[in-house]
Structures are given as structure tokens and as C-alpha cells.
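Residue numbering restarts at 1 for every chain, and letters A, B, ... go by the order of the sequence lines.
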2 protein chains.
Amino acid sequence: MNTPDDDWLRLDQQICFSLHAASRAFNGVYRGILKDLGLTYPQYLVMLVLWEHDELPVKKLGEHLRLDSGTLSPLLKRLEAAGLVRRERSSRDERSVEVRLTEEGVALRGRALQVPRRIAASTGFGPEEVRVLRARLDDLTNALDAAALAEPDGSSADERP
Amino acid sequence: MNTPDDDWLRLDQQICFSLHAASRAFNGVYRGILKDLGLTYPQYLVMLVLWEHDELPVKKLGEHLRLDSGTLSPLLKRLEAAGLVRRERSSRDERSVEVRLTEEGVALRGRALQVPRRIAASTGFGPEEVRVLRARLDDLTNALDAAALAEPDGSSADERP
DNA sequence: CACAATTCAGTTGTGTGCAACTGAATGACG
DNA sequence: CGTCATTCAGTTGCACACAACTGAATTGTG
């Protein structure tokens with residue numbers, strides 16, 4: 001059972017495509033539902049974090065979402081333009097920018113409460129299935145992240161002083 | 001255990017984030033490995049399809065990958081600029097454009113054969129685990145696609161005057 | 001205290017992904 | 001045969017993602 005290279009390539013096509021497609025399909029379903037709130041999917045992710053924390057520096061936000069400032073900065077500017085968040089440099093540390101919800105941003109949470117319900121209704125997934133799926137995806141992410149750290153490319157690594 | 005709205009929102013945060021993060025982590029691992037081939041992840045997906053079919057109109061390519069011309073046209077132009085594919089309008093149907101591999105494109109397959117092996121090595125996933133994961137992701141995609149069709153949105157539609 | 005290394009947000013450039021549109025070619029139908 | 005709808009690739013505009021960089025603030029070290 002050697003599983004020749006050709007078969008591996010075919011299999012890779014399938015898994016690559018499956019994950020890519022699943023991600024985009026998920027995005028698409030949320031897009032339709034979030035349109036009512038005037039949010040994109042990544043903006044919704046940011047708001048979910050802020051509804052939990054209420055006030056957070058950009059750095060922490062990025063750690064929660066695994067996103068860097070190159071993605072977050074313009075995104076937060078758009079959320080600010082929409083009146084949902086306010087950004088102000090920390091007086092403690094002038095390098096840091098605190099992101100906090102406006103009243104409008106807090107109020108939006110009320111309307112967002114129906115989103116998970118609509119998603120669940122759309123997919124027919126119950127809380128248990130969601131939990132299982134989430135666990136598997138996290139396993140995958142952890143494996144991939146570990147792999148990315150272990151083999152950043154070819155050779156020249158040296159990441160942790 | 002009625003699972004109040006607040007808990008649903010928290011759960012939604014987790015599954016949203018998990019899928020989003022998994023997709024990006026996957027992308028990141030492939031990015032590192034595909035850099036050697038000079039391909040991006042979506043370009044690799046296109047090449048995988050072409051290695052199977054050798055010649056395909058843009059339309060069919062889009063059906064295989066669930067991508068539309070808005071995404072494929074510029075991507076294919078880049079692959080053409082890289083010398084991997086050639087695009088020529090069909091003589092049968094002047095609306096259609098046939099995409100076919102160049103010799104270089106065909107040759108790249110040889111170097112790509114090591115990609116799945118390196119991915120597998122990076123993640124420690126065997127063929128069986130890959131198959132199971134793929135099946136779950138396809139289930140998810142099918143559920144989400146069906147949901148997207150069933151509930152395109154709700155209000156301002158007006159798709160065909 | 002001075003000065004180099006680090007941390008942080010932001011900017012720039014490239015490559016998707018998708019909606020909406022354009023324009024050319026084909027097909028359907030009276 | 002002529003007109004109108006449909007099909008197809010391509011373009012435009014917007015919003016991520018991410019790498020690489022900038023510039024300001026802070027920290028660590030001597």
C-alpha cells in the first residue's frame with residue numbers, strides 16, 4: 001500500500017479544496033446574515049471579541065484573532081467610521097491604541113444575538129455538533145501552526161532566543 | 001439548559017474563529033511550501049485541476065473550484081505571465097476561453113508531487129485522517145451551500161427586472 | 001544618562017474573493 | 001430574419017490577509 005505520489009496529489013487536491021471551499025461557504029452564509037447588521041465577517045469577529053472585553057488594545061485584539069495590524073488597522077478604521085468603536089492612544093503607553101465600543105457598538109450586540117440562531121437554523125447544526133466541529137478545527141489549526149513554526153521554510157530558522 | 005442567547009453568541013465566536021483560523025493556518029503552511037514553486041495557494045488549486053484535465057474552459061475551471069471569473073481572470077493572467085498556462089478563445093464558441101498547460105506547466109507537476117508529502121510530514125496526518133477531515137468539511141460546505149440558497153437574504157432583492 | 005534593541009500601530013504593495021457591471025457572442029422565439 | 005434573453009470572460013470597486021517596511025515610544029544595558 002504505497003500510495004503513489006499521483007494519489008497523494010489527488011488527495012491533496014481534495015483536502016485543499018475542501019477546506020478552502022468550506023471557509024468560503026461559511027463566509028458566504030455569514031455575509032448574507034451580517035448584511036443586516038452592516039458588518040463583514042471579519043468585522044463581526046472583532047465585534048464578538050469586543051463584546052466580551054469592552055476595551056482592548058489593538059495588540060490584544062490581534063492575539064485573540066491571530067491577525068496583525070496590517071489587517072486590523074484599516075478594519076478598525078472602518079468600524080470607527082461606522083460609529084461602532086472609538087480608538088484612542090493609551091496615556092500609559094503612547095505606542096498602544098485602545099479600542100473601545102461606542103454606545104452604538106454596545107447596542108449592536110442586541111441585534112447580533114439573533115445571528116447564531118439564524119446560522120444554526122440555516123445549517124441544522126446543534127450545539128453539540130458545533131462543539132465537535134470546533135474541536136476538530138482547533139486540532140487542525142494547532143497541528144498546522146506547530147508545523148509552520150517547525151518548518152518556516154527550508155533551513156534558516158532560529159525563532160526563539 | 002435552554003442555552004441562552006449570550007451562550008450562543010459565545011459559541012458562535014468560537015466556531016467562527018476556529019474555521020477562520022484553520023483556513024488561514026492551512027493557507028500559511030501551504031504558502032511556505034509553495035513558495036518554492038512560485039505559486040500561491042489558489043494558484044496551486046488551479047494547477048491541481050489543470051494537471052487532472054490538461055485543457056479546460058474558464059467556466060469549467062470555475063465550477064470545479066467554485067470561483068467566478070472575477071477571481072479567476074486576474075489569477076489566470078498571472079499564471080500566463082509566469083508561463084505556466086496559455087489562454088486562447090475557443091473557435092467553437094468565441095465567448096469561451098480555453099485554458100491549457102504549457103510545457104512548463106506540465107513540468108511543474110513533477111516538482112509539485114513532493115508538496116502533499118511535505119504537508120503530511122508537517123502535520124503528521126495520514127491518508128485516513130485526511131479523508132475523514134475532508135468528508136467532514138464537505139458535509140459542512142454542503143450544509144452551508146444549501147442554507148445559502150435557501151435564504152439568500154431577506155429583503156432588498158430585485159435580481160432581475 | 002545615553003544608546004541600541006524591542007514593541008507597537010500604521011502604511012504600502014500584492015493577491016485573492018465577491019458583487020456588480022460591461023461587452024461580445026450565442027441561442028430562442030416569434 | 002430580427003430582436004431579445006442568456007451565457008461567457010473580463011473589469012471595477014471594496015474588503016480582507018499577509019509580508020515588508022516606517023516611525024514613534026519604551027525598555028534594556030552599560
Apply the test side-chain contact (heavy atoms from CB on, under 4.5 Å) to residues Leu101(A) and Leu84(A): give CA-CA distance (whole Å), side-chain angles for both, the deciding distance (0.1 Å), then the verdict.
-> CA-CA 6 Å; Leu101(A) 293 168; Leu84(A) 297 175; 5.7 Å; no
Select one nucleotide: of dA9(C), dC8(D), dG10(D), the one nearest the side-chain heavy atoms of Val58(A).
-> dA9(C)
Output every pair passing ring pair (Phe, Tyr, Trp, His ring centres under 6.0 Å) with a member in residues 61-87 of chain B, not counting sequence neighbours, ordered by first then second residue.
-> His53(B)-His64(B)
note: Leu79(B), atom CG; dG10(D), atom P; distance rounded to Å ~ 13 Å
The helix from dC1(C)-dG30(D) to dG30(C)-dC1(D): angle between its terminal axes, five pairs each, to 10°?
-> 10°
Flag the pair Arg86(A) / Val99(A) as yes when at least one side-chain heavy-atom distance between them is below 4.5 Å, and no otherwise.
-> no
What is the distance from NZ of Lys59(B) to P of dT26(C), rounded to the nearest Å?
-> 16 Å
Name every residue in residues 80-88 of chain A that has at least one heavy atom under 4.0 Å from any atom of DNA chain D, in order of residue number, or write none if there are no such residues.
-> none
Phosphate contact (dT11(C) OP1 or OP2) by Lys77(A) side-chain N/O below 4.0 Å | yes
Rounded to whole angstroms, how far apart are CG on Leu34(A) and C1' on dC18(C)?
-> 15 Å
Classify every nucleotide of nucleotides 15-29 of chain D by which part a protein heavy atom approaches to under 4.0 Å, writing B for the base, S for the sugar-phosphate alone and - for neither, in 5'-to-3' order.
-> SSBB------BS---
Would a 4.5 Å heavy-atom cut-off, applied to side chains only, mark Arg118(B) and Asp36(B) as touching?
-> yes
In the single-linkage hydrophobic clustering (I, L, V, M, F, W, Y; side-chain heavy atoms under 4.5 Å), do Val132(A) and Leu19(B) co-cluster?
-> no
Does the side chain of Glu98(B) come within less than 4.5 Å of Leu56(B)'s, by heavy atoms?
-> no
Atom-pair distance (CG on Leu45(B); C1' on dG17(C)), nearest Å = 13 Å
Can you name the side chain to side chain contact (heavy atoms under 4.5 Å, CB included) partners of Thr40(B), sequence neighbours left out?
-> Pro42(B), Gln43(B)
Round to the nearest Å and state the distance from Leu76(B) atom CG to dT11(D) atom C1'.
-> 15 Å
Take Leu50(B) and Leu61(B), measure what side-chain contact (heavy atoms from CB on, under 4.5 Å) needs, and give me the verdict at the end.
-> CA-CA 8 Å; Leu50(B) 290 175; Leu61(B) 204 49; 4.2 Å; yes
State whether Arg131(B) and Glu128(B) are salt-bridged, where the test is any N-O pair (Lys NZ or Arg NE/NH1/NH2 against Asp/Glu carboxylate O) under 4.0 Å.
-> yes
When rounded to whole Å, the CZ to P distance for the pair Arg89(B) and dT7(D) reads 17 Å
Can you tell me how far CG of Leu67(B) sits from CZ of Arg24(A), rounded to the nearest 0.5 angstrom?
-> 4.5 Å
Considering residues at least two apart in sequence or located in another chain, which fulfil the ring pair (Phe, Tyr, Trp, His ring centres under 6.0 Å) criterion with Tyr41(A)?
-> Tyr30(A), His20(B)
